[in-house]
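These notes concern the structure reproduced below.
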Amino acid sequence: MSRFTIPPIASSEITPEAVWLSRRKWLQQVGAGAVALGAGGFLPAGAAGEATEPLPATPNPDYWLSNRQTSEKDVTSYNNFYEFGTGKTDPLRHAGSMQTRPWTVTIEGEVVKPRSFDIDDLLKLASIEERIYRLRCVEAWSMVIPWSGYSLSTLLKQVEPTSKAKYVEFVTVVQPEAMPGLNDRIIEWPYVEGLRIDEAMHPLTMLVFGVYGKMLPNQNGAPMRVAIPWKYGFKSGKSIVKIRLRETMPVTSWVGIAPNEYGFYANVNPTVPHPRWSQASERRIGDGFFAPRVDTLMYNGYGDQVASLYAGMDLAKYY
Ligand SMILES: Nc1nc2c(c(=O)[nH]1)N[C@H]1C(S)=C(S)[C@@H](COP(=O)(O)O)O[C@H]1N2
Ligand SMILES: [Mo]
């Protein structure tokens, strides 16, 4: 059972992830969202949009998309990072005070060689490549983003998962001083996400350090996040501090809040609607609020690469 009461809101498509919010807060967010969409990147006064250092990356032609990229401004000013608040511009507004150095990533659990890595060593572990990935949020908006990093499998191979490592859990950072959103107690912090081991080892699953040829801005998950482009955006945890290999499936944050609405797999699937809204189409951020919606693709367009991972599974049951 969900720990949160879900209010009977009809036009939930605008802020579906905010169902548990009080009605007042919900209305505030709808207002803010509408402004952001209309203006194509509404920057609040005093927004901390500091430019980050360059991060040289070699384009990888295996992960190239011909789609028009979402503007850097939209990618860095319209997103979700609930630790900083539930509004789409809250991450940009508040994430500037998050401390990203020193930063240690600990890998533990079902591995032969558990250890901690300094973030600057992780940056040197493999050559940094640029990959253009689609992002499809469960809220039915989408972006096309050039991330910089390398496959997560490169890191996992270093610690040698044991035969009992069936799942990978990502634990993200908690910095009470810097994160006003923690007071909301929407989520039992830290934000936790997870993958099955074969999903985590898939070459598409990317460890990300940069975007648009620069180090990640805080609001996009500095200093290190993952990007899993065939799954809804919430699967891609930001600002990761711990990677735990496990024998059992972790209870991930959104599954813990509303398991009837958010599944562990969360593969992009236009044929399986969210209980309260359709997933059949999406709005491309930057196209303007009145632009025609585009059809959502099975596995967000990555079916050739990943469909075999789910052969024989009932995708309506394992959503
Ligand atoms: N730690 C943390 N990671 C998170 C979230 C969050 O609230 N906290 N939101 C998720 C959601 S819902 C989305 S759509 C993406 C959006 O961020 P991006 O545009 O930088 O990918 O981050 C995901 N990762
Ligand atoms: Mo999302």
Side-chain angles (χ1 to χ4, degrees), residues 13-20 29 33 36 41 52 69-92 94-95 98 100 131-149 169-175 178-182 184 186-195 206-212 214-229 231-243 252-258 261-262 266 268 274 277 279 282-286 296 300:
E13 189 179 66
I14 306 166
T15 56
E17 288 178 357
V19 285
W20 60 90
Q29 201 182 338
T52 58
Q69 288 177 32
T70 308
S71 73
E72 182 176 1
K73 189 181 174 198
D74 282 338
V75 170
T76 58
S77 65
Y78 182 94
N79 63 5
N80 285 329
F81 200 156
Y82 275 27
E83 289 84 335
F84 297 103
T86 52
K88 292 285 178 283
T89 56
D90 284 338
L92 170 68
H94 300 298
M98 179 166 67
T100 59
R131 304 177 179 186
I132 303 176
Y133 276 4
R134 292 177 211 270
L135 160 66
R136 172 55 161 78
C137 181
V138 73
E139 293 170 299
W141 49 266
S142 66
M143 295 187 176
V144 176
I145 307 177
W147 299 118
S148 303
E169 180 177 17
F170 303 98
V171 183
T172 73
V173 78
V174 173
Q175 288 183 12
M179 297 177 153
L182 300 180
D184 280 348
I186 296 161
I187 287 170
E188 229 177 85
W189 311 103
Y191 190 96
V192 168
E193 258 309 333
L195 294 171
M206 187 179 183
L207 210 50
V208 174
F209 303 89
V211 69
Y212 284 97
K214 294 171 228 166
M215 303 292 280
L216 280 174
N218 287 359
Q219 63 271 24
N220 292 97
M224 189 190 89
R225 52 146 331 141
V226 286
I228 307 142
K231 293 178 181 283
Y232 293 118
F234 70 87
K235 293 298 291 180
S236 294
K238 296 173 170 182
S239 303
I240 292 167
V241 290
K242 192 173 284 186
I243 300 175
T252 52
S253 288
W254 285 101
V255 172
I257 292 167
E261 306 201 4
Y262 305 97
V268 174
H274 183 281
W277 65 89
Q279 294 292 4
E282 63 204 53
R283 197 168 45 74
R284 284 182 300 205
I285 297 298
T296 288
N300 203 21

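Note that the structure is predicted; figures quoted are calculated from it, not measured. Both counts, for ligands and for their atoms, begin at 1 and track the order of listing.
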Set of residues satisfying ring pair (Phe, Tyr, Trp, His ring centres under 6.0 Å) with respect to Phe84, sequence neighbours excluded
Phe81
Mind checking ring pair (Phe, Tyr, Trp, His ring centres under 6.0 Å) for Phe170 and listing every partner two or more places apart, or none if nothing turns up?
none
Tell me the closest heavy-atom pair linking Gln69 and Pro146, and the distance in Å.
OE1-CG, 3.2 Å
For [X], counting its heavy atoms only, list the atoms of ligand 1 lying under 4.0 Å from any of them.
{"X": "Leu135", "answer": "19 (O), 21 (O)"}
{"X": "Thr172", "answer": "1 (N)"}
{"X": "Glu83", "answer": "1 (N), 2 (C), 6 (C), 7 (O), 8 (N)"}

Should Glu139 and Lys88 count as an ion pair when the cut-off is N to O under 4.0 Å?
yes
Output yes when Lys214 and Glu72 qualify as a salt bridge under the 4.0 Å nitrogen-oxygen rule, no when they do not.
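Yes, charged N to carboxylate O under 4.0 Å.
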Between Ser77, Gly85, Cys137, which one has a non-hydrogen atom sitting closest to atom 14 (S) of ligand 1?
Cys137
Pick from Met143, Lys88, Arg225: the one approaching atom 18 (P) of ligand 1 most closely through a non-hydrogen atom
Arg225
Nearest 0.5 Å, what's the OG-CG distance between Ser148 and Leu207?
12.0 Å
Decide whether the shortest distance between a heavy atom of Ser236 and an atom of ligand 1 is less than 4.0 Å.
yes
Taking the six-membered ring for Trp, are Phe234 and Tyr262 closer than 6.0 Å centroid to centroid?
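Distance test on ring centres: under 6.0 Å, yes.
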So is there a nitrogen or oxygen of Trp147 less than 3.5 Å from a nitrogen or oxygen in ligand 1?
no
One residue to check: Phe234. Relative to ligand 1, which of side chain, backbone, both or neither has a non-hydrogen atom less than 4.0 Å away?
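Within the 4.0 Å criterion, Phe234 contacts ligand 1 through backbone and side-chain atoms alike.
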For ligand 1, the portion of Asn220 having any non-hydrogen atom under 4.0 Å away:
both
